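All remarks here apply to the structure that follows.
Being a predicted model, the structure only gives us computed values, none of them experimental. Just so it is clear: chains get the letters A, B, ... in the order the sequence lines come, proteins before strands, and each one is counted from 1.
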Amino acid sequence: MRLGVVVFPGSNCEQDVVHAARFLGFGADYVWHGDTDLTGFDGIVLPGGFSYGDYIRCGAVARFSPVMNEVIRFAERGGPVMGICNGFQILTEAHLLPGALLRNDTLKFICREVPLRVEDSACQWLALEPGTVVRVPVNHNEGNFICDAETLEHLRGNGQVVLRYCEPDGSSSHDGSAPNGALDDIAGICNERGNVFGLMPHPERVCDPVVGRTDGQPFFTAMAQRLAEVAG
Amino acid sequence: MALYEIFVTYKKGIFDPPGATAERALRNLGYEGVGSVRIGKFIQLEADADEVAVREMCDKLLANPVIEDYRIESVGEA
């Protein structure tokens, strides 16, 4: 698997993603926001950060970068795309994923490790058993996921809710475990097809055991395995 | 060039954390008559464009129709 990690002006997690991917034995290279050729990449990651200073709204300007037209085409062809944190915000602005990410209801920037429960979803990026609890850091000011009631029903019914914030034991009230006010405690969603995945937590930061935890590894290894199987 | 003033606010029903905080703060300051406070954005736009084009600019970039409403006022020449 070779991942293209898009670098927008103001991205700041691209090195973490490239390090995580290479540490796990995958290929990974940077893709500049002005590039328009994604040839040779098996998957695209939009990393965290503050693209274009988060001006207007988080992700609103990045969505119109030249590279995003290609990312949209790549996704529409079924290519795997993962947006982490600011990358998730960009995917919603680009309408590759529904909903939006508002300011945290606490008005505080949140930077800490949180427990997440893996849900039974169509997401191609994650093959963990539903109900598994992973601990992954979040690092954001605008992670308060919101969508209208109809969209929420759609997300639930189609297996598009991939991750929920939960209590340390995996239990969840579906309303109140999220540190940021996110609707239905949603931390990550995918599109109907499952190839486009957006999440607020940062799995790339918990891949190399040197940081003390490896809960993020399955977020990258499942796709690599899937691609290897497809290639036969 | 025409001058437009654009007001962007969260849609009704969308929680506005800064607005809710301002609302609480005003009450804490003793302003008992304070109702709801909603905080939005104000944009001044100079453009050789009609209102249809400005509306398109709002839908595409200046506002996010998923969560925000906007109001455009044409206020003469820049």
Side-chain angles (χ1 to χ4, degrees), chain A residues 51-65 68-69 72 86 88-110 140-152 154-155 175-176 178-186 189 198, chain B residues 2-29 31 34-49 51-73 75 78:
Chain A
S51 57
Y52 297 89
D54 275 352
Y55 295 147
I56 307 179
R57 294 175 308 281
C58 306
V61 183
R63 176 251 177 283
F64 292 104
S65 285
M68 282 307 294
N69 290 328
I72 290 168
N86 190 220
F88 184 13
Q89 295 161 343
I90 296 168
L91 289 177
T92 60
E93 284 284 342
H95 306 300
L96 283 173
L97 290 174
L101 294 138
L102 298 175
R103 186 104 173 253
N104 298 340
D105 66 349
T106 56
L107 291 183
K108 289 192 173 104
F109 191 98
I110 305 167
H140 61 248
N141 197 46
E142 286 89 3
N144 184 353
F145 179 80
I146 193 147
C147 64
D148 59 35
E150 195 184 328
T151 307
L152 180 62
H154 205 72
L155 288 174
D175 181 27
N180 48 24
L183 181 69
D184 202 21
D185 287 336
I186 289 174
I189 57 170
Chain B
L3 177 63
Y4 294 96
E5 292 185 343
I6 303 164
F7 302 82
V8 182
T9 48
Y10 282 129
K11 276 184 198 290
K12 217 177 164 180
I14 299 272
F15 182 58
D16 165 21
T21 303
E23 188 181 311
R24 276 199 306 276
L26 287 170
R27 292 213 188 99
N28 289 342
L29 286 171
Y31 295 102
V34 170
S36 163
V37 180
R38 305 281 282 172
I39 295 179
K41 289 176 205 157
F42 170 64
I43 300 163
Q44 277 184 322
L45 173 72
E46 295 174 14
D48 276 324
E51 203 160 319
V52 174
V54 175
R55 194 159 286 281
E56 190 183 309
M57 294 178 205
C58 288
D59 286 332
K60 257 192 183 167
L61 179 71
L62 299 176
N64 179 351
V66 174
I67 47 170
E68 293 169 328
D69 287 327
Y70 59 84
R71 190 178 84 239
I72 300 166
E73 282 183 13
V75 291

**Message:** Testing the basics here: between Cys58(B) and Ile6(B), what is the closest heavy-atom pair and its distance to 0.1 Å?
**Reply:** SG-CG2, 3.9 Å

Just by distance, which donor-acceptor pairs between chain A and chain B come in under 3.5 Å?
{"residue": "Ile56(A)", "atom": "O", "partner": "Lys41(B)", "partner atom": "NZ", "Å": "2.5"}
{"residue": "Arg57(A)", "atom": "NH1", "partner": "Leu61(B)", "partner atom": "O", "Å": "3.0"}
{"residue": "Arg57(A)", "atom": "NH1", "partner": "Leu62(B)", "partner atom": "O", "Å": "3.3"}
{"residue": "Arg57(A)", "atom": "NH2", "partner": "Leu61(B)", "partner atom": "O", "Å": "3.1"}
{"residue": "Glu93(A)", "atom": "OE2", "partner": "Asn64(B)", "partner atom": "ND2", "Å": "3.4"}

**Request:** Side chain from CB out, backbone as N, CA, C, O: work out which of these in Ile146(A) comes under 4.5 Å of a heavy atom of chain B, or both, or neither.
**Result:** side chain

**Request:** Only counting residues at least two apart or in another chain, list the ones meeting side chain to side chain contact (heavy atoms under 4.5 Å, CB included) with Ala53(B).
**Result:** Ala49(B), Asp50(B)

**Approximate separation, where rounding is to 0.5 Å, of Ile186(A) CD1 and Leu152(A) CG** = 5.5 Å

**Item:** Closest approach of Gly143(A) to Ala182(A) (non-hydrogen atoms, all atoms of both residues)
**Value:** O-CB, 4.0 Å

**Fill in**
Nearest heavy-atom contact between Gly198(A) and Leu91(A) is CA-CD1, 4.3 Å

**Request:** List for me each residue that meets ring-ring contact (aromatic ring centres under 6.0 Å, His included) alongside Phe7(B), sequence neighbours excluded, and say none if there are none.
**Result:** Phe42(B)

**Complete:** Tightest non-hydrogen contact, residues Gly59(A) and Ile90(A), listed as CA-CG1, 3.6 Å

**Prompt:** Which residue out of Pro98(A), Ala60(A), Ala100(A) racks up the most heavy-atom pairs below 4.5 Å with chain B?
**Reply:** Ala100(A)

**Item:** Best-contacting candidate, Ile67(B), Leu61(B), Val66(B), against chain A by heavy atom pairs under 4.5 angstrom
**Value:** Leu61(B)

